[in-house]
> 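Sharing a structure with you now.
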Amino acid sequence: MGANSSSISELPENEYLQKLSGSEPISENDPFWNQLLSFSFTTPTNSADLKLLEEATISVCKSLVEKNPRTGNLGSLIKVFLSRTKELKISAECQNHLFIWQAHNALFIICCLLKVFISRMSEEELQLHFTYEEKAGPSSYGTECEDLIEELLCCLIQLIVEIPLLYPCQHTDSNWWKWLCSWYRGRYSGGVTSALGDITYSISLEAVTTLIVFLSCQLFHKEILRESIIHRYLMHGRCLPYTSRLVKTLLYNFIRQERSPPPGTHVFQQQTDGGGLLYGIASGVATGLWTVFTLGGVGSKASAQLEQCSPLASQSLLLLLVLANLTDTPDTPNPYRQAIMSFKNTQDNTAFSSSNPHAFQINFNSLYTALCDQQKSDQATLLLYMLLHQNSNVRTYVLARTDIENLVLPILEILYHVEERNSHHVYMALIILLILTEDDGFNRSIHEVILKNITWYAERVLTEISLGSLLILVVIRTIQYNMTRTRDKYLHTNCLAALANMSAQFRSLHQYAAQRIISLFSLLSKKHNKVLEQATQSLRGSLGSNDSPLPDYHFWEMSDCLHFSETKLRHAQDLNVIEEVIRMMLEIINSCLTNSLHHNPNLVYALLYKRDLFEQFRTHPSFQDIMQNIDLVISFFSSRLEQAGAELSVERVLEIIKQGAVALPKDRLRKFPELKFKYVEEEQPEEFFIPYVWSLVYNSAVALYWNPRDIQLFTMDSG
């Protein structure tokens, strides 16, 4: 740095870094800072290089940790950065042509130092490094103490919300920005968009990244942080008025998905006045440091995706998720979550509630398009979940869309490729479906949307199918996968709840969807018989006789259960779980038959074709009530088919079913309560969401690396 270190390995010997971390205090007005911030070196583009960067600079950081309480050099560096950003925003008459580059480079160094400091000390210790005593002038009395953390946090937020990304057709009313654009037009032939827009993209990205680093103290605690100095600064005081603007800006960064400029595109052309130091810095950053802001990432997964996505959009979304999941303080709810819960569409002219000062408006059409396009990432799916669950304005808008398939299809594709996704991503996708199926309008409309050639569905060629039938197929496939692999009861519950919510509105089910419903019941029936046999054998072995007659499982006495070993008890528990699932499947079938039988001849056909499956459950005490309607339907249509003759074509059977659906006496069908399930978050949801969000940051953040041995919040396979 300054002397242009050519490689990461040379950084520990860099004279400017050594001076920064040395024993000599450096004034914020020292020319040293211009030299330090004029750096150029080949920077990391992958996790291995990022690890090397941290290892190479650890000696510098350790020295700074030791000596900074006496030198205050970290504080001086931060004050230099703050002064550069103040010039950036208000000094329209400033002739210092370096301030935009130096602000950028200073922030990069601060972020690197912060990351190491935060991983190695408590917040209280960190705060001491940010506290400095500034000697008063001759006419002043005593000393003035100032805490730089709040000032730096507030400055970062201001940078994010106030510096526009200068792209074609993008304008701003800021006077200082108009001056800056004018100045660059006069100085450089490359144009404002290619020069100034590129570096503001970089500064915005670095500001977002530094805020994430500030909040990363959570990574180094097993427990959820509920009392945090950084959280308190962000949720109170000077940062609080920027809450809605920060959330809005982060959302718009996600929506716009602006690509980072390719390395070297922001090199300014030297003019005839000689140029000076700025040109060397610009060229050096273009070929060296700039790489980290455009191609850096944690792990090969992130690196491979960055060419197809926007680093600023990805990083902004991660910061938004972190902020939204900060825990409430005893006296104040999380203002960032409040903003996410209450923002409205730009076309919504209704007044905001006076009780929420953080409300704002955003273009819902653009937001919807971005959400549809980005569902391959965990973080975009998590954002969609948060918006549907917490913001009634977004939920109402989404449910009213006439192109709902654009949102549902990516969610179904996540579930379809369940074996390739982490469990949290699958959960979020499934809960999104559950939330959507709480709405009867959604459940009706999805059967009216006809899809053609679903290429990612491999089990069968689907040349034409309704969105509703495809949803049923994918959810059933998820249940079957769960039965054979993960055996997660909650996954079963949520899948079945979504099917149950839809069941009364099933319409024109595709024949394959109808077959899969009955096939799932067949699989459950076989599973039930197997578990029942195991439980019976366990009890027979406990009683000591293979010839002793056994009572029906459901009439076992407590004295029988006392003989159970742990294995035998597990068999009994497994049987209870499988019977709960079978009961739910029977209720789903019954709901369809009682509410929309005449709309679903294919389901009746599949039911009749496999009617022997249901025989064993007719007299079963757990299913007798729900089996009455199903048994009635099977008997009614079986009788009509027998009257029609022995050998009937599929078309003729369906015709008889359609005719019989009109003649079936509906009053003979027993009424059951409507099947409706509503998603409710568990108590203390932060215990799930905070580790999940930080695992996404750890795995996906651009140009950030943390030593996995230091992570306490989650295990390395939990993300």
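This chain uses plain numbering: 1 for the first residue, then up along the sequence.
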> With rounding to the nearest 0.5 Å, note down the distance linking CZ in Arg238 to CD in Glu150.
5.5 Å
> Going through the checks in order, is the side-chain contact (heavy atoms from CB on, under 4.5 Å) test met by Asn393 and Asn345?
CA-CA 8 Å; Asn393 302 316; Asn345 195 352; over 6 Å; no
> Ring-plane angle category for Phe130 and Phe214, please: parallel below 30°, perpendicular beyond 60°, tilted otherwise.
tilted
> Angle class for the Trp706/Trp694 ring planes (parallel below 30°, perpendicular above 60°, tilted otherwise)?
perpendicular
> We want to know whether Glu686 and Asn325 form a side-chain donor-acceptor pair, criterion being a heavy-atom distance below 3.5 angstrom.
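Per modelled atom types, Glu686 and Asn325 side chains form no pair under 3.5 Å.
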> Between the main-chain N or O of Leu388 and the side-chain N or O of Arg395, is there a donor-acceptor pair closer than 3.5 Å?
yes
> Do the side chain of Ser21 and the main chain of Cys61 share a donor and acceptor less than 3.5 angstrom apart?
no
> Measure the CD1-CD distance between Ile690 and Gln684 for me, rounded to the nearest 0.5 Å.
10.5 Å
> According to side-chain hydrogen bond (donor to acceptor under 3.5 Å, both in side chains), who are the partners of Ser228, at least two apart in sequence or on a separate chain?
Glu123
> Atom CG of Leu387 and atom CE of Met341: how far apart are they, to the nearest 0.5 Å?
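Result: 11.5 Å between the selected atoms.
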> Listed by chain and number, what are the side-chain hydrogen bond (donor to acceptor under 3.5 Å, both in side chains) partners of Thr381, not counting sequence neighbours?
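Thr381: side-chain hydrogen bond (donor to acceptor under 3.5 Å, both in side chains) contacts with Gln375, His425.
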> Mind checking side-chain hydrogen bond (donor to acceptor under 3.5 Å, both in side chains) for Glu54 and listing every partner two or more places apart, or none if nothing turns up?
Lys115
> Please answer whether the main-chain N or O of Leu219 pairs with a side-chain N or O of Ser216 as donor and acceptor at a distance below 3.5 Å.
no
> Would Phe81 and Phe108 count as a ring-ring contact (aromatic ring centres under 6.0 Å, His included) if you check the C-alpha gap in whole Å, the side-chain angles of each, and the deciding distance to 0.1 Å?
CA-CA 10 Å; Phe81 167 70; Phe108 173 69; over 10 Å; no
> Is any NZ, NE, NH1 or NH2 atom of the basic residue among Arg337 and Asp328 found under 4.0 Å from an Asp or Glu carboxylate oxygen of the other?
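Salt bridge flag = yes for Asp328 with Arg337.
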> Which heavy atom of Ile160 sits nearest to which heavy atom of Ala207, and what is that distance?
CG1-CB, 3.7 Å
> Could you give all pairs that pass the ring-ring contact (aromatic ring centres under 6.0 Å, His included) test and reach residues 226-248, with sequence neighbours left out?
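Counting only pairs at least two positions apart or across chains, no ring-ring contact (aromatic ring centres under 6.0 Å, His included) contact touches residues 226-248.
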> Please answer whether the main-chain N or O of Ser695 pairs with a side-chain N or O of Asn699 as donor and acceptor at a distance below 3.5 Å.
yes
> Nearest 0.5 angstrom please: Lys62 NZ to Thr57 OG1, how far?
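One gets 11.0 Å once the value is rounded to the nearest 0.5 Å.
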> Nearest 0.5 Å, what's the CD-OG distance between Gln338 and Ser244?
12.5 Å
> With under 30° as parallel and over 60° as perpendicular, where do the rings of Phe688 and Tyr692 fit, or are they tilted in between?
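Plane angle between 30° and 60°, so tilted.
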> Kindly say whether Met235 contributes a backbone atom to a donor-acceptor pair with the side chain of Thr243 at under 3.5 angstrom?
no
> Any donor-acceptor pair under 3.5 Å linking the side chain of Ser83 with the backbone of Val80?
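Looks like yes, one N/O pair under 3.5 Å.
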> Among all residues two or more places apart in sequence or in another chain, which pass the ring-ring contact (aromatic ring centres under 6.0 Å, His included) test with Tyr368?
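Here no residue qualifies.
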> Determine, for Glu687 against Arg226, whether the closest basic-nitrogen to carboxylate-oxygen distance falls under 4.0 angstrom.
yes
> State whether the side chain of Ser310 and the backbone N or O of Arg259 hold a donor-acceptor pair below 3.5 Å, judged by distance alone.
no
> Under 3.5 Å, is there a donor on one side chain and an acceptor on the other for Gln315 and Thr209?
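Thr209 and Gln315 do have a side-chain donor-acceptor pair below 3.5 Å.
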> Identify all side-chain donor-acceptor contacts of residues 317-324 below 3.5 Å with residues at least two apart in sequence or on another chain.
none

> If you measure from CG on Leu250 to OG on Ser316, what distance do you get to the nearest 0.5 Å?
5.0 Å
